[in-house]
2 protein chains.
Amino acid sequence: MNDHLSTTFAALADPTRRAILAKLASGDASVSELAGPFSISMPAITKHLKVLENAGLISRTRSAQFRPCKLEAAPLKEVAGWVEEYRRFWSESFDRLEAYLAEVQAEEHAGKKKKKHKKKHKH
Amino acid sequence: MNDHLSTTFAALADPTRRAILAKLASGDASVSELAGPFSISMPAITKHLKVLENAGLISRTRSAQFRPCKLEAAPLKEVAGWVEEYRRFWSESFDRLEAYLAEVQAEEHAGKKKKKHKKKHKH
DNA sequence: TGGTTATTTAGCTGATTGGTTAATTACAGA
DNA sequence: TCTGTAATTAACCAATCAGCTAAATAACCA
């Protein structure tokens with residue numbers, strides 16, 4: 001789990017952290033401001049922020065006794081790129097060529113089994 | 001961590017599981033076939049598959065003593081939708097940022113989630 | 001200097017995770 | 001029916017995670 005993408009996905013796999021990112025999307029915020037909506041302790045928020053910072057999803061500066069957080073979306077670009085590879089598997093309007101290629105490859109790779117499963121193709 | 005999106009992100013936060021999905025993208029495969037490239041035990045693969053199935057990322061059928069796995073990309077659509085909300089933070093074109101912010105805030109304050117935003121990303 | 005506010009660190013917990021080996025179920029085929 | 005293959009379950013382990021309380025830092029204000 002030392003690869004970048006895994007770290008990013010793990011950081012996103014928590015609703016509190018995603019809520020923090022959502023809040024930061026509308027502007028920088030201090031730790032207390034971020035903690036506001038949640039019923040968890042400040043140290044818990046600090047830990048979440050550390051996870052986000054470690055994943056490169058936020059950056060932090062100093063301003064007096066505050067540590068304002070800033071959204072850093074670069075890792076999300078990587079996520080978008082990864083998930084984009086699978087678009088053809090959920091897209092309703094994929095062209096039929098691509099679907100055909102996928103099916104052919106499927107049978108090819110499952111060759112030893114001779115499955116020949118007639119996949120229903122909804123239009 | 002009982003929400004759908006968290007479960008999906010958690011399932012994706014493991015390189016072995018993402019490799020399994022990548023393999024399934026080129027066609028259905030049995031458990032042994034999926035286990036092939038990895039140096040971990042079969043029960044470990046079974047567990048990974050259970051995580052993926054629980055997240056709705058794969059489905060399974062029976063064929064003789066095989067349990068072929070199939071990629072189910074619907075949850076990835078949800079992921080793509082989530083991450084898309086942050087596109088403007090990594091996109092190069094910041095000139096329209098102000099307008100976008102205004103629009104988003106307007107929607108936010110107006111109603112819940114009117115999916116009127118068929119937003120075509122311009123350049 | 002001392003007091004207040006903001007945030008982090010330290011240390012503890014219980015739950016979850018990713019892995020193991022050994023045993024078990026399910027099925028195909030001779 | 002017996003044997004081999006595919007896959008799962010059971011039971012365990014070490015590491016990580018998300019939370020807590022209490023204490024420590026850090027910076028401002030008076």
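Keep in mind that the numbers below use all heavy atoms, side chains included, and drop hydrogens, waters and symmetry copies. So that the names make sense, note that chain A is the first sequence line, chain B the second, and so on, each numbered from 1.
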Integer-rounded Å distance: [N] [atom2] and [X] [atom1]:
{"X": "M42(A)", "N": "dT9(C)", "atom1": "CE", "atom2": "P", "result": "12 Å"}
{"X": "F9(B)", "N": "dT16(C)", "atom1": "CZ", "atom2": "P", "result": "21 Å"}
{"X": "F66(B)", "N": "dT5(D)", "atom1": "CZ", "atom2": "C1'", "result": "8 Å"}
{"X": "I58(B)", "N": "dA7(D)", "atom1": "CD1", "atom2": "P", "result": "12 Å"}
{"X": "D3(B)", "N": "dA18(D)", "atom1": "CG", "atom2": "P", "result": "13 Å"}

Notebook entry, point to check: What residues form a side chain to side chain donor-acceptor pair (under 3.5 Å) with R60(A), not counting sequence neighbours?
Noted result: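 Not a single residue meets the side chain to side chain donor-acceptor pair (under 3.5 Å) criterion with R60(A).
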
Next item on the list: Under the side chain to side chain donor-acceptor pair (under 3.5 Å) rule, collect the residues that match up with D3(A), sequence neighbours excluded.
Entry: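 Listed in chain order: S6(A), R18(B).
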
Those residues that, when tested against [X], pass side chain to side chain contact (heavy atoms under 4.5 Å, CB included) (two or more places apart):
{"X": "A74(A)", "answer": "none"}
{"X": "A44(B)", "answer": "I40(B), S41(B)"}
{"X": "A10(A)", "answer": "A13(B)"}

Does [N] have OP1 or OP2 under 4.0 Å away from a side-chain N or O of [X]?
{"X": "R17(B)", "N": "dT17(C)", "value": "no"}
{"X": "S32(B)", "N": "dT5(D)", "value": "no"}
{"X": "R60(A)", "N": "dT8(C)", "value": "yes"}
{"X": "S41(A)", "N": "dG19(D)", "value": "no"}

Next item on the list: Scan residues 62-73 of chain A for pairs that pass salt bridge (Lys or Arg N to Asp or Glu O under 4.0 Å), counting only residues two or more places apart or in two chains.
Entry: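 As it turns out, the salt bridge (Lys or Arg N to Asp or Glu O under 4.0 Å) pairs with a partner in residues 62-73 of chain A, which skip direct neighbours, are K70(A)-E72(A).
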
Notebook entry, point to check: Could you write nucleotides 24-30 of chain D as a row of B, S and -, 5' to 3', where a protein heavy atom under 4.0 Å of any base atom gives B, of only sugar-phosphate atoms gives S, and otherwise -?
Noted result: --SBS--

Checklist line | All salt bridge (Lys or Arg N to Asp or Glu O under 4.0 Å) counterparts of E53(B), not counting sequence neighbours | finding: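 Testing E53(B) for salt bridge (Lys or Arg N to Asp or Glu O under 4.0 Å), a comparison that skips the adjacent residues, returns none.
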
Check: Any donor and acceptor pair, going by atom type alone, linking the side chain of S63(A) with main-chain N or O of F66(A) inside 3.5 Å?
Finding: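 No.
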
Next item on the list: Could you work out which one of dT8(D), dA6(D), dG18(C) sits closest to the side chain of D14(B)?
Entry: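 Of dT8(D), dA6(D), dG18(C), dG18(C) is nearest to the side chain of D14(B).
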
Item checked: Close approaches to DNA chain C from residues 43-53 of chain A, in residue order (heavy atom, under 4.0 Å) ->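 Nucleic-acid contacts, sorted: P43(A), T46(A), K47(A), K50(A).
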
Notebook entry, point to check: So if you build clusters from Ile, Leu, Val, Met, Phe, Trp, Tyr with side-chain heavy-atom gaps below 4.5 Å, do V51(B) and I20(B) land together?
Noted result: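 No, V51(B) does not connect to I20(B) through the hydrophobic network.
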
